[in-house]
Every structure is written in C-alpha cells, then in structure tokens.
Amino acid sequence: AQTVTQSQPEMSVQEAETVTLSCTYDTSESNYYLFWYKQPPSRQMILVIRQEAYKQQNATENRFSVNFQKAAKSFSLKISDSQLGDTAMYFCAFMTAQGGSEKLVFGKGTKLTVNP
Amino acid sequence: GAVVSQHPSWVICKSGTSVKIECRSLDFQATTMFWYRQFPKQSLMLMATSNEGSKATYEQGVEKDKFLINHASLTLSTLTVTSAHPEDSSFYICSASTARKNEKLFFGSGTQLSVL
C-alpha cells in the first residue's frame, strides 16, 4: 500500500518570504500522480498543484512550484512571496495511475502560518 | 470551474438517529464520488468509493451497514450515518470526478456532524 509522509507538522514564514513544505511517499509503481491540497480554516479542500510522475518537468502554478525527485520519492512544495491568505493546512496526496481508481492517499498535513 | 455541492454544512443529531449527507456535482456528471472523514487536526481518510449504479466499495475498517452510500444518479451521492453515536462525530467530505482519469478532483465543502 502506498504511504505519504509529511514530516513537518507545523511551519511558519514571514509574509513575502519563501517556504518549502516536505513530502515523501512510498510506492512500487512507476506511474502515478502527486498533489498538494490546501485546506484553509473554511475547511474547503483546494487543489494547489498536480504532478504526473512520468513528466520530468516540475509543475508550477504561479507562486507555487514543486521539486519532484522521483528516485528519492520526494515531492516538496515551494511557496514564493508568501501571502497571509496562504495560511492553511497543506496536504500532500498520492494517486495511483493503475486501473480505474482515483482515490487519494493523503499525508498527515503541515499547518502553515504566514506572519505579517 | 466545476462545483460540488455538499449539504448540509453542519448537523447536530441525537444519539441513535440517522443522518443523511448529500453530495451533488452541479455542472458535470460524476461517475465516481468519494467519501472522506476528517477528525480534528487530522488528515482525510477515505471511507468509500461510490460508483453510479453500483454498490459502493468500502475501505477496510469502515462499517458498510453503518455508513450507507447511495449513488443513484450521475450527479448525486448520499452518505447516511445510521444509528449515529458520539464517536461518529466528525467532518465528512465528498469529492467527485469525471470519467476522464485524473481530471481535477472536485471537493465538496464538507459536513460537520455532531452527535449528542
């Protein structure tokens, strides 16, 4: 079974600075999908970024980018120019590419606080 | 963008009663819907996968007779918590996907269930 590990329960960063959230995963599959989701205090799950494992190029979405190291099974999220609205729980998630399953396996999350 | 509506957003019920939670895809047909449970300050745990027109697939350890899932149409899935007890108090979130694998998964806004 796949597992996702987020080793940083909490992190904080000053507004406008850069922060990196860590995520490692364990799988025997060669093709899969990785995600970062944001859950603000409203508890609405919001997709931040998605990476397909067969793509070597790291995904980017505006201020959010990932460092995908397939061999190391690492998938970190970098948030540049942090904003107060980035304060939230961030979950790393894994999805297999095999079969028809689209269920997500989530890490335990990292609580990010952006300080003014 | 696609929207998933989840209702109610919160519900309080007495122990022993049943509660129904609805998850609707508003502008797309969701062949598959997922039900997650989230305890305070914890991650999302998949409870079951709901496919339109067929029986739901439950994750290990989830009581199918307690958490009844119905996916009668391509736009509606319901989760019924039967004979609710205080330990069932939790935040329940649904997500929905289209038939195209790994299109963006859309999450409902969640339902906070409190059982007295």
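First the proteins, then the strands, lettered A, B, ... as listed; each starts at 1. Only this structure's heavy atoms are used, side chains among them; waters, hydrogens and symmetry mates stay out.
- Counting heavy-atom neighbours within 6.0 Å of B:Lys64 NZ, excluding the residue itself, gives a total of 12 or less.
- When A:Lys111, A:Gln6, A:Met89, A:Gln39 are compared by the number of non-hydrogen pairs under 4.5 Å with chain B, A:Gln39 comes out ahead.
- Side-chain contact check for B:Phe34 versus A:Leu104: every heavy-atom pair is 4.5 Å or farther apart.
- The neighbour count for A:Met11 CE, taken as heavy atoms of other residues, nucleotides or ligands under 6.0 Å away, is above 12.
- Side chain of B:Ser43 to backbone of A:Gly107: a donor-acceptor contact under 3.5 angstrom is found.
- Residue-environment remark: CD (B:Glu87) exceeds the threshold of 12 foreign heavy atoms within 6.0 Å.
- The parts of B:Leu44 that come within reach of chain A are both its backbone and its side chain, each placing non-hydrogen atoms under 4.5 angstrom from that chain.
- Both the backbone and the side chain of A:Phe106 have a heavy atom closer than 4.5 Å to some heavy atom of chain B.
- Under the 4.5 Å side-chain heavy-atom criterion for Ile, Leu, Val, Met, Phe, Trp and Tyr, A:Trp36 and A:Leu112 are members of the same hydrophobic cluster.
- The side-chain heavy atoms of B:Ile93 and A:Arg43, taken from C-beta on, include no pair separated by under 4.5 Å.
- For a residue to count as touching a neighbouring chain, one of its non-hydrogen atoms must lie under 4.5 Å from one of that chain's; by this rule B:Gln38 touches chain A with the side chain only.
- More than 12 heavy-atom neighbours from other residues, nucleotides or ligands sit within 6.0 angstrom of NZ on A:Lys70.
- Listed for the A:Gln44 side chain is a donor-acceptor partner under 3.5 Å among the backbone atoms of B:Phe107.
- The environment of NE2 in B:His85 is crowded: more than 12 heavy-atom neighbours from other residues, nucleotides or ligands sit within 6.0 Å.
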